[in-house]
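Only this structure's heavy atoms are used, side chains among them; waters, hydrogens and symmetry mates stay out. What you see is a predicted model, and the numbers here were worked out from it, not measured in a lab.
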Amino acid sequence: MSEYCGDCNSPLLPGDLGPCNNCGGVRRAARIASLAGQGSGKGGISRLNIRVSCIKLVETAETLFADGHYGPAIVIAQAACEVIVDHAMSKAYADKAVPELEAAVNALLNAKSLQNKNVLRLYQTLTSDFDICQQAFWKGYTDMVKLRHRVAHAGANVQEPEARRSIDAATAFVDHVARHNSIA
């Protein structure tokens, strides 16, 4: 995983917690590099293997869950959701022949969580996935995002049932977004 400035997307040195040398920004963003061993430019993950990469993230969440590490399992499950959304949106920019907008819009977004109403509206507009909020997994997904926030930012303890629901929701979410956007 590589860290980037959340304001200007400049790469940051590993472990450097100070402001960005390029713009002085203090927000951080992470990108997952080639999980499937093949790269094609953006983040080192080709569109052909992104679904596999997200499945590997969900499998990692399952392993953490099985080991009783419920909080980290939810953080990783949510990461899988954001990765698949990022690639669905990237594919949509390319499919609509407006790839130059991607970098400009990404500079305005903190993350790719569809819990954020602006990100959701952008995702729906780009991908025509207007019924995602009506899917059976949606409530579980939004609950997972809120729980992930409490785990990552407040150290909340997570019980097994809520972790199980979260991972199940993430799995269904990743499958839906990949299927809807023809991501192999």
Side-chain angles (χ1 to χ4, degrees), residues 1 6 28-36 42-43 45-93 105-106 109-184:
M1 189 170 349
R28 297 287 191 259
R31 293 198 188 114
I32 298 171
S34 190
L35 294 173
K42 183 177 185 220
I45 301 175
S46 74
R47 281 194 200 138
L48 294 177
N49 64 25
I50 187 60
R51 189 174 193 170
V52 170
S53 298
C54 289
I55 289 168
K56 288 188 179 297
L57 284 170
V58 172
E59 287 173 354
T60 300
E62 289 284 4
T63 299
L64 288 165
F65 175 85
D67 291 343
H69 302 293
Y70 304 133
I74 290 169
V75 171
I76 297 299
Q78 169 59 11
C81 295
E82 290 200 21
V83 168
I84 198 74
V85 166
D86 181 55
H87 284 276
M89 290 172 64
S90 182
K91 180 180 182 297
Y93 284 117
V105 172
N106 282 347
L109 302 175
N110 289 343
K112 295 293 172 57
S113 170
L114 298 189
Q115 177 74 12
N116 177 306
K117 299 293 184 207
N118 293 324
V119 176
L120 174 62
R121 193 171 25 245
L122 178 61
Y123 168 81
Q124 289 176 316
T125 301
L126 285 170
T127 66
S128 299
D129 190 358
F130 295 107
D131 68 342
I132 191 168
C133 298
Q134 283 72 50
Q135 298 300 313
F137 61 77
W138 186 255
K139 177 157 180 10
Y141 166 75
T142 59
D143 289 347
M144 176 193 61
V145 173
K146 292 173 192 171
L147 182 57
R148 178 256 171 227
H149 184 79
R150 291 196 323 268
V151 167
H153 300 287
N157 288 324
V158 179
Q159 300 301 312
E160 182 178 355
E162 58 191 344
R164 176 76 271 146
R165 286 190 301 272
S166 294
I167 294 169
D168 291 346
T171 300
F173 180 95
V174 167
D175 288 345
H176 170 86
V177 172
R179 230 181 11 264
H180 180 84
N181 295 287
S182 301
I183 298 172

| request: For Ser90 and Asp86, indicate whether the former's side chain and the latter's backbone hold a donor-acceptor pair under 3.5 Å. | output: no
| said: Per the salt bridge (charged side-chain N to carboxylate O under 4.0 Å, His left out) rule, what does the pair list look like for residues 66-81, sequence neighbours excluded? | reply: none
| note | salt bridge (charged side-chain N to carboxylate O under 4.0 Å, His left out) pairs touching residues 174-184, sequence neighbours excluded, are Arg51-Asp175
| said: Please find the pair of heavy atoms, one from His87 and one from Ile183, that lie closest to each other, and give the distance. | reply: C-CD1, 4.2 Å
| query | By side chain to side chain donor-acceptor pair (under 3.5 Å), which residues pair with Glu82, not counting sequence neighbours? | reply | Gln78
| request: Of all the heavy-atom pairs spanning Leu120 and Leu114, show the shortest one and how long it is. | output: CB-O, 3.4 Å
| ring pair (Phe, Tyr, Trp, His ring centres under 6.0 Å) partners for His149, two or more places apart | His153
| query | What distance separates Met89 CE from Leu109 CG, expressed to the nearest 0.5 Å? | reply | 6.0 Å
| task | Heavy atoms only: give me the nearest Ser113-Val145 pair and the separation to one decimal. | result | OG-CG1, 3.6 Å
| Reported SG-to-CZ distance for the pair Cys54 and Phe173, which is rounded to 0.5 angstrom | 10.0 Å
| field | side-chain contact (heavy atoms from CB on, under 4.5 Å) partners of Asn118, counting only residues at least two apart | value | Asn116, Arg121
| So which heavy atom on Val85 is nearest to which on Lys112, and how close? | CG1-O, 3.5 Å
| query | Is Ser182 reaching over with its side chain to a backbone N or O of Ala178, donor-acceptor style, under 3.5 angstrom? | reply | no
| said: Using the side-chain contact (heavy atoms from CB on, under 4.5 Å) criterion, which residues pair with Ala170? Sequence neighbours excluded. | reply: Ala77, Cys81, Met144
| query | Hey, does Ser53 have a side-chain heavy atom less than 4.5 Å from the side chain of Val83? | reply | no
Return all side-chain donor-acceptor pairs below 3.5 angstrom for residues 126-133, not counting sequence neighbours, or 'none' if the list is empty.
{"residue": "Thr127", "atom": "OG1", "partner": "Tyr123", "partner atom": "O", "Å": "2.7"}
{"residue": "Thr127", "atom": "OG1", "partner": "Asp129", "partner atom": "N", "Å": "3.3"}
{"residue": "Asp129", "atom": "OD1", "partner": "His176", "partner atom": "NE2", "Å": "3.1"}
{"residue": "Asp129", "atom": "OD2", "partner": "Tyr123", "partner atom": "OH", "Å": "2.7"}
{"residue": "Asp129", "atom": "OD2", "partner": "His176", "partner atom": "NE2", "Å": "2.8"}
{"residue": "Asp131", "atom": "OD2", "partner": "Gln135", "partner atom": "NE2", "Å": "3.3"}

| said: Within this structure, what is the CG-NZ distance for the pair Asp143 and Lys139, rounded to the nearest 0.5 Å? | reply: 3.5 Å
| remark: Taken in chain and number order and not counting sequence neighbours, the residues that satisfy salt bridge (Lys or Arg N to Asp or Glu O under 4.0 Å) with Glu62 are Arg164
| note | For Ala61 and Ile76, the nearest pair of non-hydrogen atoms, with its separation, is N-CG2, 4.0 Å
| said: Distance check, rounded to the nearest 0.5 Å: Phe137 atom CZ versus Thr142 atom OG1? | reply: 10.5 Å
| Taking all non-hydrogen atoms of both residues, which atom of Arg148 and which atom of Val75 are closest, and how far apart? | CG-CA, 3.9 Å
| Side-chain touch Leu147/Arg150, heavy atoms, less than 4.5 angstrom | yes
| salt bridge (Lys or Arg N to Asp or Glu O under 4.0 Å) involving Lys146 - partner list, sequence neighbours excluded | none
| All side-chain contact (heavy atoms from CB on, under 4.5 Å) counterparts of Ala163, not counting sequence neighbours | Phe65, Tyr70, Ile74, Val158
